[in-house]
2 protein chains.
Amino acid sequence: MTTIRDVAERAGVGIGTVSRVLNGSQGVSNRTRERVERAIAALGYRPSPAARALSRGRASTIAVTAPFLTRPSVVERIRGVVAGLDASEYDLSLATVETPEQRQRRIVGLCQRDRADGAILISIPPTPDELETLRTVGVPVVVVDAVTEGLPCITIDNILGGRMATEHLLELGHTRIAFLGDAPDARFAFTSSDDRRAGYLAALADAGVDADPDLVVSGEHSREAAAELAGRLLDRPAPPTAIFTASDTQALGVLEAARARDLEVPGQLSVVGFDDIEIASFVGLTTVRQPLYETGRRAAELLLAVLEGTGPRTGARIDIPLTLVPRLTTGRPRTRATRRRPAH
Amino acid sequence: MTTIRDVAERAGVGIGTVSRVLNGSQGVSNRTRERVERAIAALGYRPSPAARALSRGRASTIAVTAPFLTRPSVVERIRGVVAGLDASEYDLSLATVETPEQRQRRIVGLCQRDRADGAILISIPPTPDELETLRTVGVPVVVVDAVTEGLPCITIDNILGGRMATEHLLELGHTRIAFLGDAPDARFAFTSSDDRRAGYLAALADAGVDADPDLVVSGEHSREAAAELAGRLLDRPAPPTAIFTASDTQALGVLEAARARDLEVPGQLSVVGFDDIEIASFVGLTTVRQPLYETGRRAAELLLAVLEGTGPRTGARIDIPLTLVPRLTTGRPRTRATRRRPAH
DNA sequence: TTGAAAGCGGTACCAG
DNA sequence: CTGGTACCGCTTTCAA
């Protein structure tokens, strides 16, 4: 392995000079610089990241922590982060958190100085304890898809999103509108589902529609669980004419449930999702679009700014706008003549 | 920031001893060990990864290089890698390659010793040049979803997969079977699409069915491009009764094209995909299932074994079995009475 | 069993 | 403008 010393020797200079050339520092004559550059090229020399990290006290790495790569929305955000970091000199270290132990390990891991110079937390707001630790260590952190007091956050107005979806359904004439979201999860303090539900309730209230508590259900964030839940909703004596779900993934589950019961969508059931993941357009799913990729990219850019000294280290909140994307799963309600049996 | 010296001082021992405790080395009395451990806990000390990397000559990091996080199959493989690495002491450094420049940078980046101790290349077989470089540097590499002479590879039999899909269609009675795959891409030497086509052709030949060159098309690997391509196929005077695509993503595009033309699936058109990505079951897509997650996990385990000295550094090829998953998009062919016009 | 000291490969300061 | 040198924080060898 060739080191900076080899280069210095071959170029007939001191290692300090080589280092200067390497870092583009001022104060190297052109002649010398060229000589060094030739030596570097000839030897195919590449500086050791570890040595550099140790010496500079920074790792040139950014840690990205996210839950569940199974969620398209998370992946899309990560894509954005990757893109935002691409032009930079930073490597991206990826960790996923699916269990409390992992959470402990990952978040505390960030606190190791010189493991990462900064972190992007996707959908994982740090607990007060974790926040405290992060703060004392001084690693800059940007939070995506969650709000954490005192940390820059890239987020959306979930309450508004919930309103948008619900108002869309109300405008179409629905009044029996169900909400299907995530069950509270002690491990992660995901709040987006709750906020979307709050928006849903607010929209109903504003419209003077009584919210039927029986129409608000929640479960595991998966297509299967959503299908199950939706099935129960649809099998009620007085089923909803529309279902708003906290995510597109869950909306797909609802569509499955409807299909299993031979229900026409949107004729007999309207469905609104949230996120606008890639498959939503294929399915023709009406949804509340949030620019997922964008949030990741912005987070990366923001963190980079913070690392450069520009940019806020605290509390800035960037709100990304939402759009309702009407597609084929929503329409005017049409009462079902009779209860249907599931198809074959 | 507390260092090993602080710990040593507090415990009243030398730094060598602390290091031994840290690394579980032999030759530390229990009394001393406990004292040191107490000091570590009291100080909340965590060793610096950079210093450790420099000193040990290894980074405790594994580099994962993959193209396009937009492809569900790639993400699923990465999920597997993440899982396979979870219990290990290795961090995962993720890089994506979408352009030739990135490719250069990423793959050469691996050659910086002590940036990564090993690498997993997903769907990106190194060029001979790159292979040579990797080899001289000595970074252990495992290749997933590609075959590279001299490197351990986790792969599937794409030719067989192509056969399986095609034979399924032949058995149903189809003879006008189209193949829709990836256009050759100079940037990456993806071969799976070509291999699947080879299997398709072989199956046709074996069945004594003449392959119609007009029914073999290729384009960009995306739903949109596939929809476009499939549209042209379906608008021919003598359209195919079945289409086998090189991926599920492309199969979705085909389904879109069929839907746009109001074609019944599988009545008027059968569709077989490849991969069995998550959404395939929702769509009811008949497909050739490859255990994507599994390949990632196996790759991680294999690489870990290599790093431990167990495991082959060269040429082992692990072939993961495929399964045909018949769902709702394939059935017996039924000639279309007349050419249909696209529905509004 | 333990402490001291020599690196690991850079960066950056200091004197010249 | 340049060379020499003192660290950066840890691992590991060598004596004691």
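Since this is a predicted model, take the numbers as computed values, not measurements. Throughout, protein chains are lettered first and strands after them, A, B, ... in sequence-line order, and every chain is numbered starting at 1.
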Send over the distance from [X] [atom1] to [N] [atom2], rounded to a whole Å.
X	N	atom1	atom2	result
B/Asp6	D/dC8	CG	C1'	14 Å
A/Asn23	C/dA12	CG	P	6 Å
B/Gln26	D/dT13	CD	P	14 Å
B/Leu54	D/dT12	CG	P	12 Å
B/Ile15	C/dT2	CD1	C1'	12 Å
A/Arg58	D/dC8	CZ	P	18 Å
B/Arg46	D/dG9	CZ	C1'	16 Å
B/Leu43	D/dG9	CG	P	14 Å

> Checking all strands, does B/Ser19 fall into the base, sugar-phosphate, or nothing category for heavy-atom contacts under 4.0 angstrom?
Replying inline: base
> Within the structure shown, what part of the strands sits under 4.0 Å from A/Val13 by heavy-atom distance: base, sugar-phosphate, or nothing?
Replying inline: sugar-phosphate
OP1 or OP2 of [N] less than 4.0 angstrom from a side-chain nitrogen or oxygen of [X], does that happen here?
X	N	result
B/Arg5	D/dG9	no
A/Thr17	D/dG3	yes
B/Ser55	D/dT12	no

>> Would you say that B/Val75 contacts B/Pro72 through its side chain, given a criterion of any heavy-atom pair below 4.5 Å between the two side chains?
In response: no
>> With hydrogens left out and only the distance checked, is there a donor-acceptor pair under 3.5 Å joining A/Arg35's side chain and the base of D/dT2?
In response: no
>> Looking at the base of C/dG9, is there any donor atom on it, or on the side chain of A/Arg56, that sits under 3.5 Å from an acceptor on the other one?
In response: no
Closest to the [X] side chain: [options]?
X	options	value
B/Arg52	D/dC10, C/dG10, D/dT2	D/dC10
B/Val28	C/dT2, D/dC10, C/dG10	C/dT2
B/Arg20	C/dT11, C/dG3, D/dT11	C/dG3

> With nearest nucleotides of DNA chain C determined for B/Ala51 and B/Arg31 from heavy-atom distances, which residue corresponds to the more 5′ nucleotide?
Replying inline: B/Arg31
>> Check this for me, if you would: do A/Arg105 and B/Asp86 make a salt bridge, where the nitrogen-to-carboxylate-oxygen distance has to be below 4.0 angstrom?
In response: yes
>> Distance alone, cut at 3.5 Å: any donor-acceptor contact between the side chains of A/Arg77 and A/Thr295?
In response: yes
> Tell me the side chain to side chain donor-acceptor pair (under 3.5 Å) pairs involving residues 121-132 of chain A, sequence neighbours left out?
Replying inline: A/Arg103-A/Glu130, A/Ser123-A/Asp145, A/Thr127-A/Glu130
>> Going by salt bridge (charged side-chain N to carboxylate O under 4.0 Å, His left out), name the residues that satisfy it together with B/Arg317, two or more places apart in sequence or in a different chain.
In response: B/Glu149
